[in-house]
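A quick write-up on the structure given underneath.
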Amino acid sequence: MHALIHKAANSLRLQLQEREGNLRLDLQAPEVFLKGDRQHLSNVIFNLLDNANKYSPEKPQLAVRTYREGDDWVVEVSDQGIGISKQNQAQIFQRFFRVSTGNLHEVKGFGLGLSYVKEVIVAHGGSIEVESSPGKGSIFTVRLPLQNRKM
Ligand SMILES: Nc1ncnc2c1ncn2[C@@H]1O[C@H](COP(=O)(O)OP(=O)(O)O)[C@@H](O)[C@H]1O
Ligand SMILES: [Mg+2]
């Protein structure tokens, strides 16, 4: 998993550099291995990081933190971007849902990333949550069971 995170982080580094952003990695419990679909899990990490970058209007301050909690492996992707209101938080995992940002700035997307992310995580027996306040930023927390009975 940490190798996948490094790969996703590296593929975003140039964009972040150009935007004078920063990505901090705090990866704990390196001995952890998960049984899962490498490509889909890699897409999950990339999608969350891509959103964190896209929805940070200036100098993206991103972080990825991983740790082990009981029988779960946890990864948090956080940003200090535009954030998401409580009302919208309830809908962002639905297909095609995008928060309407008015004419603030143009961010492209299909509104499919998070529904895909959630589907992949649930298929691995895990869960995803968001914690966010508008104007302050967001934290997406993914939990994956280390003993996956579904796979
Ligand atoms: N890190 C984030 N910060 C603020 N808003 C976000 C973030 N991630 C997702 N969103 C909101 O949730 C919506 C759905 O995200 P997603 O499914 O990835 O679609 P897309 O990025 O293609 O618009 C986005 O349009 C955006 O409004
Ligand atoms: Mg997206």
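Since we're looking at a predicted model, the values are computed, not measured. The analysis underlying the following values was restricted to heavy atoms, covering all of them including side chains, and did not include hydrogens, waters or symmetry mates. Atoms within each ligand, like the ligands themselves, are counted from 1 in listed order.
Using a 4.0 Å cut-off to heavy atoms of Ser138, the atoms of ligand 1 that qualify are 3 (N). Against a heavy-atom cut-off of under 4.0 Å, Phe97 is close to the following atoms of ligand 1: 13 (C), 14 (C). For ligand 1 and Gly109, the ligand atoms under 4.0 Å from any heavy atom of the residue are 22 (O). For ligand 1, the atoms closer than 4.0 angstrom to any heavy atom of Arg98 are 20 (P), 23 (O), 25 (O). Below 4.0 Å from some heavy atom of Gly83 lie the following atoms of ligand 1, by number and element: 4 (C). Annotation for ligand 1: atoms under 4.0 Å from non-hydrogen atoms of Lys54 are 20 (P), 21 (O), 22 (O).
Side-chain atoms of His40 and Glu119, non-hydrogen and from C-beta on, never get closer than 4.5 Å to each other. At least one side-chain heavy atom of Val64 sits under 4.5 Å from a side-chain heavy atom of Leu23. Using a 4.5 Å heavy-atom cutoff, the side chains of His6 and Leu25 are in contact. Using a 4.5 Å heavy-atom cutoff, the side chains of Ile45 and Val77 are not in contact. Counting heavy atoms from C-beta on, the side chains of Arg98 and Val107 come closer than 4.5 Å.
Heavy-atom distances between Phe93 and ligand 1 stay at or above 4.0 Å for every pair. Ligand 1 has no atom lying under 4.0 Å from any heavy atom of Lys108.
Each of Asn51, Val44, Asn47 was scored for a side chain to side chain contact (heavy atoms under 4.5 Å, CB included) with Leu114, with one residue passing: Asn51.
Note that the CD atom of Gln17 and the CG atom of Asn22 stand 10.5 Å from one another [nearest 0.5 Å].
Geometrically, ligand 1 and Asn47 share no nitrogen or oxygen pair separated by less than 3.5 Å. On a distance-only criterion, Ile84 and ligand 1 share no N/O pair closer than 3.5 Å. At a 3.5 angstrom cut-off on N or O pairs, Ser115 does not count as close to ligand 1. Here's the thing with Gly113: one of its N/O atoms is less than 3.5 angstrom from an N/O atom of ligand 1.
For atom 24 (C) of ligand 1, the choice among Tyr55, Tyr116, Phe110 with the nearest heavy atom turns out to be Tyr55. Nearest-heavy-atom check against atom 9 (C) of ligand 1 across Leu114, Ile82, Ile92 picks out Leu114. Across Gly111, Ser132, Ser56, Ala52, heavy-atom proximity to atom 22 (O) of ligand 1 is greatest for Gly111.
Phe140 and Phe93 have perpendicular rings, their planes meeting at more than 60° on a 0 to 90° scale where under 30° would count as parallel.
For Gln15, the side chain to side chain donor-acceptor pair (under 3.5 Å) partners at least two apart in sequence or on another chain are Asn53.
At a heavy-atom cutoff of 4.0 Å, ligand 1 is contacted by the backbone of Leu112 but not by its side chain.
Atom CZ of Arg24 has 12 or fewer neighbouring heavy atoms from other residues, nucleotides or ligands inside a 6.0 Å radius.
Inclusion of Asn51 in the first shell of the Mg ion (ligand 2) is supported: an N, O or S atom falls under 2.8 Å.
Side-chain polar atoms of Asp79 and Tyr55 form no donor-acceptor pair below 3.5 angstrom.
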